[in-house]
Student: 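Here it is: the structure, laid out below.
Here the structure is a predicted model, which means the values were calculated and not measured. These values consider heavy atoms only, across backbone and side chains, with no hydrogens, waters or symmetry-generated copies.
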Amino acid sequence: MFLPLVHLADTFGQTPALWANRSASPPPHEVVLLRCAVRLDGPLADAELQIFADTRYEAWLEGSFIGRGPARFSQVRREYDVIALSDLAAGDYTLAVLAQWAPNLRRSESIAPQVQGRIVGSDAEGSRRSIILTSTMCAAVSSTAWNTHPAPVHTWGIFGPTELLDLRALPAGWNQPSFDSSAWPRAVVREPTAATAIYQPRSIMPLANVPITPKIIAVGQLSPNAWVGELIPGPDGAASYTFTLEHDASVTLQALSPPGQPALASVATLDAQLLGWWQQPSMHPDRYQVSVSLSAGNHRLAVAGLPPGESWAFSISGPISSPPPALGVGAHAGRRLLLPDLVADPAAVTRFGTSGLNMSFGPGPSYAILDLGRTVHGRLVADVAGPAGTLIDIGWDERLWQGVRPLPYPGSLHPEWNQSDSWVLASDSHTLTTIDARAGRYVLIAVWASTPTTLLNLRILEERYPLVQRGSFSSGDARLDRIWQVGVDTLRSNMTDAYADPWRERGQWWGDAHIADLANKVAFGDATLLRRGLMQMADTVTDTQPMALAPSGGGLHFVDYGMYWVQSAYDYGQRTGDWSFVESIYPKIQTFMRYLASLESPESGLIDMSLAVSATVYIDSNSYWDRRGQTTAANAFYYGTLLDSAAIAEQLGMSDQAAAWRQRAATLRVKANQVLYVPAQGRYIGGVFNGQRTDPTPQAQAAALAFGLVADSEAQRLADSLLTMLGTPEKPGAQILGTYMVLKGLGRVGRIDDALSVIDRFFGSMLDRGATSWWESYIADGYYMSSLSHAWGSSPTWFLSTYLLGSRQISPSQWEVQVPVTTRAGVSGRLPLAQNDGDLVVDWSAGACGQIQLTVSGPAGMSGTVAVPGSGADSSVWLDDVRIWDGGQPMGGSSITFKGGMFTLALGSGVHYLETRRSC
């Protein structure tokens, strides 16, 4: 029996939920501006603002920006931010908060719009004092500057909305102390929206905003010699535009026929006549054009049948005396970025100044394309100066369409997606940025103005988890070293307030998170992001298993992702020693293990996915038979999870439970090899489905190797079989997720050179095609819906440090170095150690006849073991210039041992030099 941990109740949840209204049906997007007058009768030492918002907030104290948040949250657990304010003197202060209601299905489990907060500090007597933000001290207005019904970033509601901001409607200086908000109404208190939620302080560090220097790769004019306009339909879905021709002439029209809008041939008319549009697939598959000869005078372009809230963007060229309807009133900025021709012209945008990135656009509609070098999760920030009413659209993309232009809205190439924001300038100066972050490698800036507009001090701020790279890897092979570092670079944008890919998904899927954390372990040495993710996954467990992602799992259950969760929990406890945390989620692990036991077939004792209700195993993007019936892959996962669960139970003093899980694992291994392994072929079948044996899959072989299901005597044959099934990068047998199991399996059985060949062939192919971060699949560059920055591709970084460098942390106070059997001449690197400021530094090289030279530097307070290959009979071993092995036996009382072709000995902290010598 486990008794619950008892803590003093956190009273933050009792702070009032403030907003500008009590609407039970808020719009899909709403921004509220709050100004709170805070009076301190006495000084507050070590003051801090504790604040939470559903969904986002930005805060200023006395006009100075102090932070944004919160971190992603669930209905079970809400973490409020704690922002240090230093010491505050007695007096009056203005706290301004911009709060965004933007519910989504990935980052946060939003319920209703609200802001909660309090200022906490120590008074003159040293007692902690709280000033709670209430409706009497806070005024609030719902801003009309932001479009409340903008196009979403993703039509599934995965993210929040695009941001369409008319700066003319934003009160100038509203967040400054001097602003007069006396006419604003008092904030209202909404009913508590999560009465049962656990409120606790933020458990991870605030995200850093790291400047990324963009490269300008193209500038030019937007559809020169044409007018670009936008029609907004009325309630009947119709709109029109009347223009005047100065003389008889030919007029060319261009328009889009994107998903969600009727075909142009049926909705667009000129002078009441339908038009014969022809497609321009070379420009974009959704763009169409028509040219017609018209007489001088007035003509009417009309559209009908548009969905409510839609806009219709078009361009028109010819001797027209009247401009088209103004841009900037629609709800979908992405279509404006998809429509115009981008015509290179170095004079259209000029860079000026000697510091920072300053750009002048125009005169005339003009554009610039920025290259960030890799996918970045962050914000563009720039001070803008230009005529009031000027429209600026900014969009992000991971790739260039036909190698030329980004498509922030790709239309039918990815109809759900639109990462385009827009601003209408006011007469006063403003800083352009977005409340929420965007992601991509390329940024398209379009300035629709007839007179010059400047963007000053333009920068890209990457929003990421604040870690310093401590790990390193150097092999003398530039390609291999690059592969290791690209894995680290991929992590940068995949580690924010969770392990989540920055582009299409942005959810904390635990299959991705498990691999990302392994790479984090060797590159950064951080475990706090893992701890928080483990808790969020545990919070989703009720009477069965965790969600496939958390928060916002949406009822998706991947059984193998749940098993990765248990394996991650064991790894966390091992390397941090924080078993008290693991103990806090252990009851949820027990619940999940009971669920797994319920999937065991009464006849075979193997897990049978046919018994799972509303759940599956994912295994790999290429999997099919691995998900149906009694599969080798699922049972290999189960075997490894039983052993890790047993190890957790042992650490927590649950010896009987540990023994039971180990016994179940042993029985499972025997039965799985009887039912699923084919000795004559040296491979496993995919599984048994409806009584029929399914074909062998690469995933079945990889999982059996990776989790130790295969009998020791058959491991090398199985590795041989696996290597014949991997295919090519163009037609891979295992995709990038499954390649993690391939590498782990080959590493476990000592096939290091074969694993290096796999890494070079498959990950090297992405480098050859221009990858600067790892993709979602080996052919993701050919599909607009596929991500080009996916942390589940970082497994080579983990593998190279763990198996080629040979460095591992095995407990908070112990490390291990095992020099592999390989044809490589040597490698050096650094492994960061969790819970320790020091690093393990390793450098080994191999001679022509198998001699090994190894230098190890371990931090103070830690010890470790080293293992090097050799020959016990004809080798001598020297440690720090002292011979400790010769003639097949230890020398001078040394504790060195030789077994299975490996010399092993224990070392303390400090620098040590080990050498094996033998005669050629």
Side-chain angles (χ1 to χ4, degrees), residues 8 10-16 18 33-53 56-71 73 78-100 115-134 136-140 173-179 181 187 199-211 378-379 381 431 433 435 457 459 461-468 496-497 526 528-529 532 837:
L8 292 175
D10 191 319
T11 60
F12 183 87
Q14 300 172 15
T15 59
L18 304 179
L33 311 178
L34 295 98
R35 287 176 56 86
C36 300
V38 180
R39 170 163 291 182
L40 299 184
D41 296 331
L44 280 185
D46 301 321
E48 58 191 31
L49 171 65
Q50 300 177 356
I51 184 170
F52 175 82
R56 303 284 290 172
Y57 77 86
E58 296 178 347
W60 294 260
L61 184 67
E62 290 295 287
S64 296
F65 182 76
I66 56 175
R68 62 163 51 92
F73 57 89
R78 293 179 163 191
E79 292 190 344
Y80 56 86
D81 289 337
V82 179
I83 302 174
L85 305 177
S86 67
D87 296 338
L88 297 180
D92 294 329
Y93 294 87
T94 299
L95 174 69
V97 178
L98 182 155
Q100 180 195 44
V115 176
Q116 297 167 269
R118 64 189 179 190
I119 293 177
V120 180
S122 299
D123 61 20
E125 286 73 38
S127 300
R128 296 296 283 176
R129 181 186 172 202
S130 295
I131 297 94
I132 296 173
L133 302 183
T134 65
T136 57
M137 68 171 66
C138 297
W174 74 270
N175 55 4
Q176 297 301 306
S178 58
F179 181 80
S181 59
Y199 279 87
Q200 64 186 40
R202 185 182 181 115
S203 59
I204 57 173
M205 295 178 285
L207 299 182
N209 291 291
V210 180
R379 294 171 179 81
V381 182
T431 298
T433 191
I435 302 170
N457 192 25
R459 62 259 191 218
L461 299 180
E462 181 172 30
E463 184 180 76
R464 69 192 193 197
Y465 202 58
L467 298 175
V468 175
T496 52
D497 57 356
D526 172 74
T528 56
L529 204 59
R532 187 171 190 268
D837 292 334

Student: Side chains of Asp46 and Asp87: closer than 4.5 Å at any heavy-atom pair?
Tutor: yes
Student: Enter the distance from Leu88:CG to Leu49:CG here, rounded to the nearest 0.5 Å.
Tutor: 10.0 Å
Student: Under the side-chain contact (heavy atoms from CB on, under 4.5 Å) rule, what do Thr94 and Glu62 come out as? Steps first, then yes or no, please.
Tutor: CA-CA 5 Å; Thr94 299; Glu62 290 295 287; 3.7 Å; yes
Student: Which pair of non-hydrogen atoms, one from Leu40 and one from Ala89, has the smallest distance, and what is that distance?
Tutor: CD1-O, 3.7 Å
Student: Can a side-chain donor-acceptor contact be found between Arg118 and Thr15 if the only test is distance below 3.5 angstrom?
Tutor: no
Student: Is there a donor-acceptor contact under 3.5 Å from the side chain of Arg379 to the main chain of Ile435?
Tutor: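 Yes, because the side chain of Arg379 sits within donor-acceptor range (under 3.5 Å) of the backbone of Ile435.
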Student: A side-chain contact here means heavy atoms from C-beta on lying under 4.5 Å apart; do Ile66 and Leu95 qualify?
Tutor: yes
Student: What is the minimum heavy-atom distance between Pro466 and Ala208, and which atoms define it?
Tutor: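 That would be CB-CB, 3.8 Å.
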Student: Report yes if some heavy atom in the side chain of Arg459 is under 4.5 Å from a heavy atom in the side chain of Pro211; otherwise report no.
Tutor: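 In short, these two side chains do not touch, never coming nearer than 4.5 Å.
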Student: Can you name the side-chain contact (heavy atoms from CB on, under 4.5 Å) partners of Ala124, sequence neighbours left out?
Tutor: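 In terms of side-chain contact (heavy atoms from CB on, under 4.5 Å), with neighbours along the sequence ignored, Ala124 is linked to no residue.
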Student: Can you tell me how far the OG atom of Ser122 sits from the CD atom of Glu48, to the nearest 0.5 Å?
Tutor: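 Reported value, rounded in 0.5 Å steps: 9.0 Å.
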Student: On a heavy-atom basis, which atom in Glu79 and which in Ser203 lie closest, and how many Å separate them?
Tutor: OE2-OG, 2.7 Å
Student: Is there a side-chain contact between Val115 and Leu34 (heavy atoms, below 4.5 Å)?
Tutor: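 Touching, per the 4.5 Å side-chain cut-off.
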Student: Measure the spacing between CG of Leu529 and OG1 of Thr496 and express it to the nearest 0.5 Å.
Tutor: 7.5 Å
Student: Is the side chain of Arg35 donor-acceptor paired with the backbone N or O of Trp174 at a distance under 3.5 Å, no angle test?
Tutor: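 Side chain of Arg35 to backbone of Trp174: a pair is present.
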Student: Heavy-atom distance under 4.5 Å between the side chains of Cys36 and Val97, does that happen here?
Tutor: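 No - every pair of side-chain heavy atoms lies 4.5 Å or more apart.
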Student: Apply side-chain contact (heavy atoms from CB on, under 4.5 Å) to the pair Phe52 and Asp81, showing each step before the final yes or no.
Tutor: CA-CA 6 Å; Phe52 175 82; Asp81 289 337; over 6 Å; no
Student: For atom CZ of Arg39, decide whether the heavy atoms of other residues, nucleotides or ligands shown that lie under 6.0 angstrom number more than 12.
Tutor: no
Student: State, to 0.1 Å, how close Arg129 and Gly42 come at their nearest heavy-atom pair, and which atoms those are.
Tutor: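 The pair with the smallest heavy-atom distance is NH1-N, 4.4 Å.
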Student: What I'd like to find out is whether the side chain of Ile131 reaches to under 4.5 Å of the side chain of Leu44, using heavy atoms alone.
Tutor: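 Of all side-chain heavy-atom pairs linking Leu44 with Ile131, at least one is under 4.5 Å.
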Student: Kindly indicate, with the supporting measurements, whether the criterion side-chain contact (heavy atoms from CB on, under 4.5 Å) is fulfilled by Leu98 and Trp60.
Tutor: CA-CA 9 Å; Leu98 182 155; Trp60 294 260; 3.9 Å; yes
Student: Spell out, as yes or no, whether a donor-acceptor pair under 3.5 Å connects the side chain of Glu463 to the backbone of Leu207.
Tutor: no
Student: Are the side chains of Glu58 and Phe65 in touch, meaning some heavy atoms are under 4.5 Å apart?
Tutor: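 Yes. Closest side-chain heavy atoms under 4.5 Å.
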Student: Which value, rounded to the nearest 0.5 Å, describes the distance between Gln14 atom CD and Ile132 atom CD1?
Tutor: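 If I round to the nearest 0.5 Å, the distance is 8.0 Å.
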Student: Decide, yes or no, whether a salt bridge links Arg68 with Asp497 under the criterion of side-chain N to carboxylate O below 4.0 Å.
Tutor: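 Not counted as a salt bridge, because no side-chain N and carboxylate O are separated by less than 4.0 Å.
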Student: Please verify the inter-ring angle class for Tyr80 with Phe12; under 30° counts as parallel, over 60° as perpendicular, anything in between as tilted.
Tutor: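 Plane angle under 30°, so parallel.
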Student: What's the shortest heavy-atom distance between Gly13 and Gln116, and which atoms?
Tutor: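 Gly13 and Gln116 have their closest heavy atoms at O-NE2, 3.8 Å.
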Student: What is the minimum heavy-atom distance between Ala53 and Tyr57, and which atoms define it?
Tutor: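 Reported closest heavy-atom pair: CB-CB, 3.7 Å.
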Student: Whether the side chain of Glu462 engages the backbone of Asn209 through a donor-acceptor N/O pair (distance < 3.5 Å, no angle test) should be reported.
Tutor: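 No; judged by distance alone, with no hydrogens or angles, the pair does not exist.
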Student: Can you confirm whether Asp10 sits close enough to Pro201 that some side-chain heavy atom of one is under 4.5 Å from a side-chain heavy atom of the other?
Tutor: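 Side chain of Asp10 against side chain of Pro201, heavy atoms only: contact under 4.5 Å found.
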Student: With sequence neighbours excluded, what pairs up with Thr431 under the side-chain hydrogen bond (donor to acceptor under 3.5 Å, both in side chains) test?
Tutor: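 Thr431 satisfies side-chain hydrogen bond (donor to acceptor under 3.5 Å, both in side chains) with Asp383 once adjacent residues are dropped.
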